[in-house]
Trainee: 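Take this structure, written in structure tokens, and hold onto it; I'll ask about it next.
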Amino acid sequence: MKKFFLLFALCLTIGATKLSAVDNLYVYGNAMGDGIASDICSWNTDKAPLMYAEGNDVFTFTAYFAAGDTEFKFITTPNEDVTYYNAAGKTDVLDLAAGGKLSTNGEGDPKFKMAEAGWYKITCDLQAMTIKAEKKDNGDEQPIRYQHLFMVGSATLGGWTESNGYRMDYQGNRLYAADVYLGEGTFKVALNQNKNFDNNYYFFRDATDANKVSRYYNVDNQWSITESGTYRVAINLADSSISITKQDFSGNLYMVGDAVSGGWDANSVPMMNQDGNVFTYTGWIEADKEFKFLVVRDLIWDNVMQLVNAAGETGYLTDGQANLKAAVNVKENGVEVNDDKFKLPAESGSGNYRVTCDLNAMTVKVEKVAYQETHIQHAALYMVGTATPDNEQAETFPEKAVKLVSNEDNTYSAQGVELKEGVFKLLTACDLGWSTTHLHPDAADNGKISTDGTDDRKWTISEAGVYDITANLADSTITITKQEEGPGTSFEAVSADHDVRIVSNQGALEVFLPGQAARIDLFDATGRVVASVPEADGYALVGNGLHPGIYVLRMTLDGKTLSQKALVK
């Protein structure tokens, strides 16, 4: 009998504990003026704001609601495959004192309305199927989860044109961030791009703490930028904090245009090689045709940073050089502005060129290289597979794919790569997952490269060791050479430019410097930082127990960045 009562009590407990109704809830309708919808009348599910999850199926949302003929209800996902939470009964004004009832019975599509426009905190309890609204004096109360925030001001590339606000993306946990180029000037942060500077829709610098955001708008406090450059701007609405951190450019850079391989197809254009704030690419450029530089593989988005001709018009490079200007890609009356591109003069001739974008100096330099036999298309190749550290995980290509660097003659090499028994193939990009060109062994000749990936053929490494790999795209051949093992442990490299001596001995690198280095970073063949020395005066020991292979030391000396290869045996 006792066991029966225990089981009965357990069943009651399970029956009384309701599982979570939904993971997310969104406010949907044309009543909101909260700064998320493109205007006050929005029945676009993609723009429905996400409510804050309080737990136990309770969701809240603070926003400005209009009155009159405007209405709202709730949805579970911001797309067409949704569950609707409607009003129970008919469309009617929400009683602030008594609240209302929710229903998933959408017959007649009943919705909620506000009797008076203003700021309200909405609370939906999906366990009790109730809704309450509490009138607020303003929108200061958090939490509010916006889908995006937008930086507007003289310091931003979009200036004070509100529709050109630079988008800060939601990172989760009420954090919004953007890597953005800022000039000297000021900015504030909008909740919406289309509110005509209605201060209800802005975050301002807190009057007493510049590291805090505030919705108090009686004083138009803005943040100031005194030095142009790339910044990481992050706003955390959990504690109303803002951080503005100057940094090296943290994204990719792509060369795009009818002058280069891939043309205007953003997913096919070359990604440039990065060394700090300097980006390079060696490839075929058509003379008298246009090109510019993108920071994302996208030619459709508005308000995305690009690098264009600082002359303010499309024009030819003088002596192969020009100044860059950071700008946002926007359209006005259907016409793209800030679209000033570069061209090589016809007399320069089409050919293979080395392109260098220096984001420190904001310059571009184009130099013809010696090799002109075939078109060079790619900045680098990337080796992936079970024989390599990446183990065929597409999401880790940027960090783990083994990079074959361009030799500027349509060959690509990686030296001193430690491979396991397994297989590999080559990709032409590392930022597109599997959605890029794959290079396979030819079906009839393993020493040949083919883009015919029938059966997803791969090269095989049958014996683990240290290998040198060179892919020659001029004649579609590949060489895979295992390095001879031996007792040699000493290797010395000397940089003539800066009188830096590097000695490899017993799995470590000794670096002898002519003075003080602000920082030394050691990169392996995959581009990962494997050791760092924050500061060195004359000498530094970098790394310990390093695997055999080729490494790159990046050092900051006298304010300049120096990169030097070193071999560890």
Side-chain angles (χ1 to χ4, degrees), residues 252 261-262 265 267-271 273 281-283 297 374-485 523-528 530 547-552 567:
N252 296 324
S261 172
D265 179 358
N267 282 332
S268 299
V269 297
M271 180 176 73
N273 296 304
Y281 165 66
T282 297
R297 287 189 185 271
T374 58
H375 292 203
I376 300 174
Q377 297 184 35
H378 309 295
L381 299 179
Y382 299 88
M383 182 167 58
V384 295
T386 59
T388 72
D390 94 286
N391 200 28
E392 294 193 358
Q393 297 175 28
E395 64 274 11
T396 62
F397 285 169
E399 295 83 14
K400 292 190 175 181
V402 177
K403 185 176 183 179
L404 277 66
V405 299
S406 171
N407 299 312
E408 298 192 338
D409 60 358
N410 224 358
T411 68
Y412 301 82
S413 299
Q415 296 173 329
V417 181
E418 191 169 7
L419 297 178
K420 303 172 290 186
E421 292 184 18
V423 297
F424 74 88
K425 58 182 173 180
L426 301 176
L427 306 180
T428 57
C430 69
D431 64 328
L432 291 170
W434 297 117
S435 301
T436 187
T437 301
H438 296 224
L439 305 180
H440 307 266
D442 186 85
D445 186 346
N446 200 57
K448 286 281 191 179
I449 298 172
S450 171
T451 55
D452 171 18
T454 305
D455 300 324
D456 195 20
R457 297 184 303 273
K458 304 178 180 71
W459 287 278
T460 299
I461 299 297
S462 57
E463 184 180 2
V466 178
Y467 286 81
D468 298 332
I469 297 98
T470 297
N472 187 335
L473 298 190
D475 60 10
S476 298
T477 60
I478 186 170
T479 58
I480 306 168
T481 306
K482 189 172 185 293
Q483 289 186 0
E484 293 294 331
E485 296 183 4
F523 297 80
D524 66 8
T526 70
R528 291 177 294 174
V530 294
H547 295 294
I550 294 290
Y551 292 81
V552 175
L567 172 65

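Values below: all heavy atoms of this structure, side chains included; hydrogens, waters and symmetry mates excluded. In what follows, residues are counted from 1 in the order of the sequence shown.
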Trainee: Grab the two heavy atoms, one from Ala387 and one from Gly422, that are nearest each other, plus how far apart they are.
Mentor: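 Minimum heavy-atom contact is CB-C, 3.7 Å.
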Trainee: List for me each residue that meets side-chain contact (heavy atoms from CB on, under 4.5 Å) alongside Thr460, sequence neighbours excluded, and say none if there are none.
Mentor: Val423
Trainee: Starting at CG of Asn252, measure out to SG of Cys430 and round the result to the nearest 0.5 Å.
Mentor: 7.0 Å
Trainee: Looking at every heavy atom in both Ser406 and Ala379, which two are closest together, and how far apart are they?
Mentor: CB-O, 3.5 Å
Trainee: Would you call His438 and Leu426 a side-chain contact if the rule is heavy atoms closer than 4.5 Å?
Mentor: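 When only atoms from C-beta onward are counted, Leu426 and His438 do not touch, as no gap falls below 4.5 Å.
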Trainee: Checking Thr374 now: which residues fulfil side-chain contact (heavy atoms from CB on, under 4.5 Å) with it, not counting sequence neighbours?
Mentor: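 In terms of side-chain contact (heavy atoms from CB on, under 4.5 Å), with neighbours along the sequence ignored, Thr374 is linked to Tyr371, Asn410, Ala474.
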Trainee: Evaluate the side-chain proximity of Leu419 to Thr388: yes if any heavy-atom separation is below 4.5 Å, no if none is.
Mentor: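 SC-SC contact between Thr388 and Leu419 confirmed.
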Trainee: Which residue, Asn446, Val417, Ile461, forms the side-chain contact (heavy atoms from CB on, under 4.5 Å) with Ile480?
Mentor: Ile461
Trainee: Which atom names give the shortest non-hydrogen contact between Thr282 and Glu408, and what distance separates them?
Mentor: OG1-OE2, 2.8 Å
Trainee: How many angstroms lie between OG1 in Thr477 and CG in Asp442, if you round to the nearest 0.5 Å?
Mentor: 11.5 Å
Trainee: If every non-hydrogen atom of Thr386 is compared with every non-hydrogen atom of Lys420, which pair is closest and at what distance?
Mentor: O-CE, 3.4 Å
Trainee: Please report the interatomic distance CD1(Ile478) to CG(Leu381), rounded to the nearest 0.5 Å.
Mentor: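 So the CD1 of Ile478 and the CG of Leu381 are separated by 9.0 Å.
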Trainee: Can you tell me how far the CG atom of Asn267 sits from the OG1 atom of Thr436, to the nearest 0.5 Å?
Mentor: 9.0 Å
Trainee: Nearest 0.5 Å please: distance from the OG1 atom of Thr411 over to the CG atom of Leu404.
Mentor: 9.5 Å
Trainee: With Asp431, which residues qualify under salt bridge (Lys or Arg N to Asp or Glu O under 4.0 Å), at least two apart?
Mentor: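 Listed in chain order: Arg297.
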Trainee: Is any side-chain heavy atom of Pro389 closer than 4.5 Å to a side-chain heavy atom of Val402?
Mentor: yes
Trainee: For Glu421, give me all partners under salt bridge (Lys or Arg N to Asp or Glu O under 4.0 Å), at least two apart in sequence or on another chain.
Mentor: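 Per chain and number, Glu421 pairs via salt bridge (Lys or Arg N to Asp or Glu O under 4.0 Å) with no residue.
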Trainee: Quick one: does His378's side chain get under 4.5 Å of Leu473's, heavy atoms only?
Mentor: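 Of all side-chain heavy-atom pairs linking Leu473 with His378, at least one is under 4.5 Å.
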Trainee: Could you tell me if the side chain of Tyr551 sits less than 4.5 Å from the side chain of Val530, heavy atoms only?
Mentor: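 Of all side-chain heavy-atom pairs linking Tyr551 with Val530, at least one is under 4.5 Å.
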Trainee: Is the shortest side-chain heavy-atom distance between Asp468 and Gln483 below 4.5 Å?
Mentor: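 Yes. Closest side-chain heavy atoms under 4.5 Å.
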Trainee: Classify the side-chain pair Asp452/Ser450 by whether it contains a donor and acceptor separated by less than 3.5 Å.
Mentor: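 The answer is no; no qualifying pair exists.
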Trainee: Output yes when a side-chain donor or acceptor of Tyr281 lies under 3.5 Å from a complementary backbone atom of Gln377, and no otherwise.
Mentor: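 Checking the backbone N and O of Gln377 against the side chain of Tyr281, a donor-acceptor pair under 3.5 Å is found.
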Trainee: Please tell me if the side chains of Trp434 and Val384 come closer than 4.5 Å, counting only heavy atoms from C-beta onward.
Mentor: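 Yes, side chains in contact.
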Trainee: Please name the pair of heavy atoms, one in Ser413 and one in Asn407, separated by the smallest distance, quoted to 0.1 Å.
Mentor: OG-ND2, 2.9 Å
Trainee: Holding to salt bridge (Lys or Arg N to Asp or Glu O under 4.0 Å), I want the full list of residues that pass it with Asp456, two or more places apart in sequence or in another chain.
Mentor: Lys425, Lys458
Trainee: Kindly compute the distance separating CH2 (Trp459) from CD1 (Ile449), expressed to the nearest 0.5 Å.
Mentor: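 Trp459 CH2 to Ile449 CD1: 5.0 Å, rounded to 0.5 Å.
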Trainee: Just wondering, do Leu439 and Leu427 contact through their side chains at under 4.5 Å, heavy atoms?
Mentor: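 SC-SC contact between Leu427 and Leu439 ruled out.
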Trainee: Taking Asn273 for its side chain and Ala380 for its backbone only, find out whether a donor-acceptor pair lies under 3.5 Å.
Mentor: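 Looks like no, no N/O pair under 3.5 Å.
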Trainee: Tell me, please, which residues at least two apart from Arg457 pass salt bridge (Lys or Arg N to Asp or Glu O under 4.0 Å).
Mentor: none
